[in-house]
S.K.: 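I'd like to ask you about the structure that follows.
Throughout, protein chains are lettered first and strands after them, A, B, ... in sequence-line order, and every chain is numbered starting at 1. Keep in mind that this is a model prediction, so the values were computed, not measured.
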Amino acid sequence: MAPVNQPKDKKHERAHERWPEEAKSAGKRKPDYEELGNEPQAKRLFVRKTSKPPEKIGRSGGGSMVRNNRVLFHQLDRQCSIVHYVYQNMLGGSIRAQLRQCLQLPFLRSLASYRLFRTASPFDRRVTCLEWHPTHPSTVAVGSKGGDIILWDYEVLTKTCFIKGKGPGDSLGDIKFSPYEAVKLYVASGDGTLSLQDLEGRAVQVISRAPDCGHELILCSLGLMLCCCFFCWYCSVDVSASCRAVVTGDNVGNVVLLSTSGEEIWKLKLHRKKVTHVEFNSRCEWLLATASVDQTVKIWDLRNIKNKMNFLHVLPHDKPVNAAYFSPTDGAKLLSTDQRSEIRVYSSSDWTKPQHLIPHPHRQFQHLTPIKATWHPRYDLIVAGRYPDPKFPGYTVNELRTVDLNKFNPMGDTLASGMGFNILIWSREEMVAKKQEHLLKAMTEQGIGSWSLSRRGGQRQANPGTSKLKANLLSWELEEMRTKSNDSKSQGRKRKGKDLEN
DNA sequence: ACAATATGGCCCC
DNA sequence: TGGGGCCCCTATTG
């Protein structure tokens, strides 16, 4: 039972010899992604443009900006004239793609000014999944390794809904809002169930149990509280409004298609190992993607799935795959993240090879939430969490802590992150300042001592490492508050800020 | 300070 | 194909 620790020297030796060739060669390649923002680590964002390799054009203020080339910049500036678009539109031309391209540049620039808006640490285990509310712009649902779910409106001081999980073994693999009732969540849990959780009424409806999940029978027949033997559990879910269907994948390679109310349509073993991700294509209702630890992503025609071999396409990877997301803008691209150092972008025009292969450190570790690169909802951009690796080309010693999960909201102007036990909300500086001011006002009115949501009510933690982090996050917020207070010359607020710090 | 815990993935028998 | 042991090397709690 006790973990066996190898001597350090052997460990390092192994790590070195195990570093994959592709990463070494990747080191020679020009970095294919751009880094926005600056220290501290938690404030850095990595965004990739899925077009041409970028060229670094210098640093300003707190972050570095990269763009393709000067010529493109100039062309875009010219093309970005509204008159140009109106004219094109009048001629009957499609301006959508161009307009998007044009708006992408200012958006990229704005990323340099992203700041932490709020943080929350409501769980007793780490964050495992995160979903934005489909219609409410400032609400996120986050799930934890202990089965807890929080629905959090971060623009309101204390507007949260918390559903307690079962603790060990109830790790939430994935959550999805119901497309019909936004107060309901489909939840894939490590306890072997797929359920529909009502966030208002708190009712849970178990809509499916993973095959061979016989632990309850064992408990009943023996009449003892033996250790739970879970053979199977669900790891991923997706819901299709147009198909009125739910897909889920389990830890041994099965994929199950269900009606939204839970009637099983089929259950097939489509992968050799754990199905880490399942997703319907938003533009093509019969198209399904599945990603697996068996190192493949498979694209399926839902109207014709018989066995693990009759996929439309297989996308072989060099390592297990954590996720494969279709692009939200047109559904024509697929973004995959492996368990070592690759992010790939495939295009539906040619599934045989990746369109882009991005070297990026995010290796698998048992006690870290698997990193999954996600799309920006409107632009041809992706965000990815990072697990700094001393062996990865370009590693610097001050890379301290990592962000595991990252998702932009449907509007595309706010980013929610999962970082260990913490949930972070990022937005543009001016937006943050305005909203924090608003929160501060509410705080003083209600006499609330802290707006950093924590399961300990904002108290300092016993562990020095954690409290340092929390204090940093809090003090950063306070620092912002003080700056604001100075601007608006409110002595009372200054005092309040100081009090909060203690 | 130190040990235990956590349900990830691979290899080998 | 299944299970035990090992390795990846974090963060929290008692």
S.K.: So, is A:K273 close to the B:dG8 phosphate, meaning a side-chain N or O under 4.0 Å from OP1 or OP2?
M.R.: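 No, no such contact exists.
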S.K.: Are the ring of A:H367 and the base ring of C:dA11 both nearer than 5.5 Å at their centres and tilted by less than 30°?
M.R.: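 Not stacked by the 5.5 Å and 30° rule.
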S.K.: Counting Watson-Crick and G-U wobble pairs whose two distances are both under 3.5 Å, find the runs of 3 or more in a row that involve DNA chain C.
M.R.: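 Consecutive-pair runs (3 or more) involving DNA chain C: B:2-6 with C:10-14, B:8-13 with C:2-7.
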S.K.: May I ask you to say what A:P320 touches in the nucleic acid, namely base, sugar-phosphate or nothing, with a heavy-atom cut-off under 4.0 Å?
M.R.: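 Answer is sugar-phosphate: A:P320 comes under 4.0 Å of backbone atoms only.
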S.K.: Please state how far atom CZ in A:R340 lies from atom C1' in B:dC10, giving the value in whole angstrom units.
M.R.: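 After rounding, the gap between these two atoms is 13 Å.
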S.K.: Given C:dT10, C:dT12, B:dG9, identify the nucleotide with an atom nearest to the side chain of A:V293.
M.R.: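 Taking heavy atoms from C-beta onward, the closest nucleotide is B:dG9.
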S.K.: Sticking with atom P, work out how far B:dC2 lies from C:dC8, rounded to a whole angstrom.
M.R.: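 About 23 Å, rounded to a whole number of Å.
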S.K.: Sequence neighbours excluded, which residues qualify as salt bridge (charged side-chain N to carboxylate O under 4.0 Å, His left out) partners of A:R344?
M.R.: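 A:D318, A:E342.
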S.K.: Starting from P on B:dC10, measure out to CD on A:Q364 and report it in whole angstrom.
M.R.: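 Going from CD in A:Q364 over to P in B:dC10 covers 8 Å.
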S.K.: Using whole Å, report how far CG of A:N322 lies from P of B:dG9.
M.R.: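 My rounded result for the distance is 8 Å.
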S.K.: Please confirm whether the shortest side-chain N or O distance from A:R126 to OP1 or OP2 of C:dT12 is below 4.0 Å.
M.R.: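 Indeed not, no polar side-chain atom of A:R126 lies that close.
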S.K.: Could you state the atom-to-atom distance from CD of A:Q366 to P of B:dT5 in whole Å?
M.R.: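 One finds 14 Å between P of B:dT5 and CD of A:Q366, rounded.
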S.K.: Say we look at B:dA1 and C:dT13: how far apart would their C1' atoms be, to the nearest angstrom?
M.R.: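 Approximately 13 Å lies between the C1' atom of B:dA1 and that of C:dT13.
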S.K.: Take the protein atom CZ of A:F365 and the nucleotide atom P of B:dT7, then report the distance between them rounded to whole Å.
M.R.: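 Between P of B:dT7 and CZ of A:F365: 13 Å.
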S.K.: Taking the side chain of A:P168 as its heavy atoms from C-beta onward, which of C:dT10, B:dA6, B:dG8 lies nearest to it?
M.R.: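 In terms of side-chain proximity for A:P168, the closest of C:dT10, B:dA6, B:dG8 is B:dA6.
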S.K.: Quick one: salt bridge (charged side-chain N to carboxylate O under 4.0 Å, His left out) pairs with a partner in residues 249-265 of chain A, sequence neighbours left out?
M.R.: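 Checked against salt bridge (charged side-chain N to carboxylate O under 4.0 Å, His left out) - neighbours excluded - no pair reaches residues 249-265 of chain A.
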S.K.: Return the nearest nucleotide to the side chain of A:K145; candidates are B:dA6, B:dG9, C:dT10.
M.R.: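 So the nucleotide nearest the side chain must be B:dA6.
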S.K.: Just how far, in rounded Å, is P of B:dC11 from CG of A:D294?
M.R.: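 After rounding, the reported distance stands at 14 Å.
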S.K.: Rounded to the Å, how far apart are A:H362 NE2 and B:dG9 P?
M.R.: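 One finds 13 Å between P of B:dG9 and NE2 of A:H362, rounded.
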S.K.: Looking only at side-chain N and O atoms, does A:D338 offer a donor or acceptor that is under 3.5 Å from a partner on A:H362?
M.R.: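 A:H362 vs A:D338: donor-acceptor pair found between side chains.
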S.K.: With sequence neighbours excluded, what pairs up with A:K166 under the salt bridge (charged side-chain N to carboxylate O under 4.0 Å, His left out) test?
M.R.: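 Partners of A:K166 by the salt bridge (charged side-chain N to carboxylate O under 4.0 Å, His left out) criterion, ordered by chain and then number, come out as A:D191.
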S.K.: Quick one: side-chain hydrogen bond (donor to acceptor under 3.5 Å, both in side chains) partners of A:E155, sequence neighbours excluded?
M.R.: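 Listed in chain order: A:K435.
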S.K.: Does A:K308 have any side-chain contact (heavy atoms from CB on, under 4.5 Å) partners at least two apart in sequence or in another chain, and if so, which?
M.R.: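 Result, side-chain contact (heavy atoms from CB on, under 4.5 Å) vs A:K308: A:R272, A:K298.
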S.K.: Round to the nearest Å and state the distance from A:L172 atom CG to B:dG8 atom P.
M.R.: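 Going from CG in A:L172 over to P in B:dG8 covers 12 Å.
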S.K.: Between the side chain of A:T248 and the main-chain N/O of A:S236, is any donor-acceptor distance below 3.5 Å?
M.R.: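 Flag set: sc A:T248 to bb A:S236 pair under 3.5 Å.
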